[in-house]
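In what follows, chains carry the letters A, B, and so on, assigned in the order in which the sequence lines appear, proteins first and then strands, with residues in each chain numbered from 1. Small disclaimer: the values here were computed from a predicted structure and weren't measured.
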2 protein chains.
Amino acid sequence: MAVAPDPVDVLDRAFAIAAQIGGAMNSALTERGLTPVRAGLLLVLHEQGRPVVQRELSQLLQCTPRYVTALVDALETQGWAERQPHPRDRRATLVALTPKGVETAEWMAEGRRKAAHRLLGDLPEADLAGFLVVADRLLGSFGPDEVRGAG
Amino acid sequence: MAVAPDPVDVLDRAFAIAAQIGGAMNSALTERGLTPVRAGLLLVLHEQGRPVVQRELSQLLQCTPRYVTALVDALETQGWAERQPHPRDRRATLVALTPKGVETAEWMAEGRRKAAHRLLGDLPEADLAGFLVVADRLLGSFGPDEVRGAG
DNA sequence: ATACATTGTGAACTATGTACATGATGTGGT
DNA sequence: ACCACATCATGTACATAGTTCACAATGTAT
């Protein structure tokens, strides 16, 4: 009796799930006084594990250098990150996480890990591996470095 | 030799794919002079297949009635939609697609269909059906009516 | 020393979306 | 018919996300 599923429906559901997860993450972030983009900046800084120059952040976040200035202003005002002078280039500014910023970034990474396991943890490994192969082919990438999650 | 795949990686890829598709759609829309939200309004009007009152649009688009006014202003100025007086309620305003709007909405629907088939067309039907079951359980919905795609 | 490139930021702008107030209209009770 | 109240669209004002352009300060190569 099963009618053939429409790929359009499948894609719609995929987007709906992404939107729902994004919304849940968004709520959790808002409770901590973070917006999604600022949270992204925190995560990037945490991934790098070192102070990063604003110019480089603009490339990592795929936004304009000007907007990085605004983001860092906000993060600095609220105590998640701080500016440091670059030791050898007086034009550049290094951005580093504060202890509070590190703690929040780790809380986010943990939340992401939990969500992934809750959603996908019961799937057979073969299916996950297969998805990764197809996904990377679709993305035209050959490693996790080119992939930046969940805008 | 295959190492166990990390569900976090899988979730990251899923978001990355969603972002990539969204970006591609966005570029295509920008070329036609549309923003994503305005395109969404066009699609909703096309799905309904009839003139719709602005109040109802605000519910369909999950935004405030005031913003619908602004969106319809934009769509009307650029010739995709037009306002019509409601035949029985002189407070209300009906919004209808122009021929240009219908054509663009069909172009978008066709693009979505093509993308879905390109991405998912070679998967076995059983996998697609299985995904739909899980997806609907995750979304807490029991039909396509509650699902609105890819904003 | 001169020419050019790069970094971060001020100023101004667009797009998205909100809250509040208001005028015009519909609706239900008496 | 009249009054109270709800509803529809919109003007005004505002907040956030993110952009372009201009510019001063600094680095770099000739």
Using atom [atom1] of [X] as one end and atom [atom2] of [N] as the other, report the distance to the nearest whole Å.
{"X": "A/Leu57", "N": "D/dG18", "atom1": "CG", "atom2": "P", "answer": "15 Å"}
{"X": "B/Leu75", "N": "D/dA9", "atom1": "CG", "atom2": "P", "answer": "16 Å"}
{"X": "B/Arg90", "N": "C/dG23", "atom1": "CZ", "atom2": "P", "answer": "18 Å"}
{"X": "A/Arg88", "N": "C/dT6", "atom1": "CZ", "atom2": "P", "answer": "19 Å"}
{"X": "A/Leu61", "N": "D/dT19", "atom1": "CG", "atom2": "P", "answer": "10 Å"}
{"X": "B/Arg38", "N": "C/dT14", "atom1": "CZ", "atom2": "P", "answer": "12 Å"}
{"X": "A/Leu34", "N": "D/dT16", "atom1": "CG", "atom2": "C1'", "answer": "15 Å"}

Closer than 4.0 Å, any side-chain N/O of B/Thr64 to the OP1 or OP2 of C/dG17?
no
Does B/Thr35 make a side-chain N or O approach to OP1 or OP2 of C/dA15 shorter than 4.0 Å?
no
Sequence neighbours excluded, which residues qualify as salt bridge (Lys or Arg N to Asp or Glu O under 4.0 Å) partners of A/Arg88?
none
What residues, two or more places apart in sequence or in another chain, satisfy salt bridge (Lys or Arg N to Asp or Glu O under 4.0 Å) together with A/Glu76?
A/Arg83
Axial bend angle, the helix from C/dA1-D/dT30 to C/dT30-D/dA1: five-pair end segments, nearest 10°:
10°
With sequence neighbours excluded, tell me which residues meet side-chain contact (heavy atoms from CB on, under 4.5 Å) with B/Thr64.
B/Arg66, B/Tyr67
Taking the side chain as everything from C-beta on, heavy atoms only, tell me whether B/Trp80 gets closer than 4.5 Å to B/Arg38.
no
Looking at [X], I want to see if its [atom1] is surrounded by more than 12 non-hydrogen atoms of other residues, nucleotides or ligands under 6.0 Å.
{"X": "B/Glu103", "atom1": "CD", "value": "no"}
{"X": "B/Gln59", "atom1": "CD", "value": "yes"}
{"X": "B/Glu110", "atom1": "CD", "value": "yes"}

Contact string for nucleotides 7-12 of chain C, one letter per nucleotide 5' to 3', B = base within protein heavy-atom range under 4.0 Å, S = sugar-phosphate only, - = neither, reads SSBBB-
Would you list the pairs meeting side chain to side chain donor-acceptor pair (under 3.5 Å) in which at least one residue belongs to residues 91-101 of chain B, sequence neighbours left out?
B/Asp89-B/Arg91
Indicate yes or no: does A/Asp12 engage B/Arg112 in a salt bridge with an N to O separation below 4.0 Å.
yes
